[in-house]
2 protein chains.
Amino acid sequence: MGAFWQNGYVATSVSDVVRETGLNTASMYKEFGDKDGLFREALGYYRGHVIGPRYQILRDNPNLAGVETFLKNVLTGAAKTEYKGCLMMNHLAQKHAISPEAAEQVEAFCAEIESLVETALRNAQSDGDIAPDKDAKELASFIVFCVHGAVLYGRHDSKKDEISVFYDMIIGALKH
Amino acid sequence: MGAFWQNGYVATSVSDVVRETGLNTASMYKEFGDKDGLFREALGYYRGHVIGPRYQILRDNPNLAGVETFLKNVLTGAAKTEYKGCLMMNHLAQKHAISPEAAEQVEAFCAEIESLVETALRNAQSDGDIAPDKDAKELASFIVFCVHGAVLYGRHDSKKDEISVFYDMIIGALKH
DNA sequence: CCAATTTTAAAGTAGTTATTTTAAAACAGT
DNA sequence: ACTGTTTTAAAATAACTACTTTAAAATTGG
């Protein structure tokens, strides 16, 4: 998975994955079918074990506190992962280079995030924690938009190992 | 340039470029040396003729009005370009797959943007247009961070062809 | 018009790619 | 211990990669 994460789908050869995992080439093809199946497996694992858990906070706390904690985690953690960026979002920038099925897998996850955030923000509005006159869906889009920025920004700017300075600005934008 | 833009460096073969440009293979190698030279040429052209001009507004108007216009252009125009995303920023997500020289070319441009925005914001503070207690450099980072978000977000979300709804939130964050 | 230079098309090279095949090795159940 | 199955290593394949060479065609300058 590391190779896909760091170098992208096209720049990662099946041999790279074989070397990295220690799997046997033939049994790998029997298990996953082809390179694309292998990549989709990596996406699934990443979603289930690496990035998915980060969003659990939004499920456990579907309110402003959950959004704040989540955002703080994303903004401070973006540059601290083993590899830079996000296996999924890195591939948003090379959508045409991966299979439609894999692309759909990535986008479905983005949609799920957006929906999680939207629910939390809707509750935050009921709680009177954020501006009630704004569209929760639009605010959720804005949060995901910022997550995208964090991913790409955190990946490229090696001088900054945390971008939490933006936290107040984003939270502030939700409130008025 | 289109192939590099749409598919990324690795997923673009020299044959693709030859087909796209109509250039002769041999004369292309004589002119640009190798694939990397070709890519750097594309980066240079993109910077000079495609994306560079978009930042001219910041040079002509190094103040809040310039930043506002620039942001508006970026946020409304991100999803309207011929190809999605930005030739340069798309490659920030695959930094390891391009040459160090090309990566440096991309990062130098990012640094230049950041510096342009910083100058404009510093002037905006002198003009009393934005919060004077904030660090102009940090605010400039935030703007570039948002531009990254716009690039990646605009590339992946096909349902939204403009993300200008975020404009008010970003500008608002500068002011208080 | 002719010689010199540049451009072009096309074939060729050497390496890598994803994927398959072959056949030996390991393992399983009885 | 033997049989059937799975796993493994290694070689083979066919397509593609970046890149080079060859030699013909076009273009230039005097």
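The structure displayed is predicted, hence computed values, not measured ones. Reminder, nothing fancy here: chain letters follow the sequence lines and each chain counts from 1.
Atom CG of B:Leu23 is separated from atom P of C:dT6 by 18 Å (rounded to the nearest Å). In this structure, CE of B:Met28 is placed 17 Å from C1' of C:dT6, rounded to the nearest angstrom. Distance, B:Arg19 CZ to D:dA18 P: 11 Å, rounded to whole Å. To the nearest angstrom, P of D:dT7 lies 12 Å from CZ of A:Phe32.
Under the side-chain contact (heavy atoms from CB on, under 4.5 Å) criterion, B:Met28 pairs with B:Val14, B:Val18, B:Leu23, B:Phe32, B:Leu38, not counting sequence neighbours. With sequence neighbours excluded, no residue satisfies side chain to side chain donor-acceptor pair (under 3.5 Å) with A:Asp34. Every residue meeting the side chain to side chain donor-acceptor pair (under 3.5 Å) condition with A:Gln56, not counting sequence neighbours, appears here in chain and number order: A:Arg59, A:Asp60. Among residues two or more places apart in sequence or in another chain, the ring-ring contact (aromatic ring centres under 6.0 Å, His included) test is passed with A:His91 by A:Phe39. When the side chain to side chain donor-acceptor pair (under 3.5 Å) test is applied to B:Thr21, no partner is found at least two apart in sequence or on another chain. The salt bridge (charged side-chain N to carboxylate O under 4.0 Å, His left out) test applied to A:Asp16 returns A:Arg19, not counting sequence neighbours. Under the rule for a side-chain contact (heavy atoms from CB on, under 4.5 Å), the partners of A:Val106 that lie at least two apart in sequence or sit in another chain are A:Leu43, A:Met88, A:Leu92. A:Asp135 is linked by a side chain to side chain donor-acceptor pair (under 3.5 Å) to nothing, counting only residues two or more places apart in sequence or in another chain.
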- Heavy atoms under 4.0 Å is the rule here; annotate nucleotides 15-23 of chain C 5' to 3' with B where the base is hit, S where only the sugar-phosphate is, and - elsewhere. --SSBBB--

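Here salt bridge (Lys or Arg N to Asp or Glu O under 4.0 Å) pairs that include residues 115-133 of chain A, with residues two or more places apart or in two chains, are A:Glu118-A:Arg122, A:Glu118-A:Lys137.
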Under-3.5 Å N/O pairs linking protein and nucleotides 26-29 of chain C:
none

- Message: Taking Watson-Crick (N1-N3 plus N6-O4 or O6-N4) and G-U wobble (N1-O2, O6-N3), each under 3.5 Å, can you produce the dot-bracket string of DNA chain D? Use [ ] for crossing pairs and | for inter-strand ones.
- Response: ||.|||||||||||||||||||||||||||

- Residues A:Leu174, A:Ile143; criterion side chain to side chain contact (heavy atoms under 4.5 Å, CB included); working and verdict: CA-CA 9 Å; A:Leu174 298 183; A:Ile143 294 291; 4.1 Å; yes

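Side chain of A:Gln94 to main chain of B:Tyr9: no donor-acceptor pair is present (N/O by atom type, distance under 3.5 Å, no hydrogens or angles).
The shortest distance between the side-chain N/O atoms of A:Asn24 and the OP1/OP2 oxygens of D:dT7 is not below 4.0 Å.
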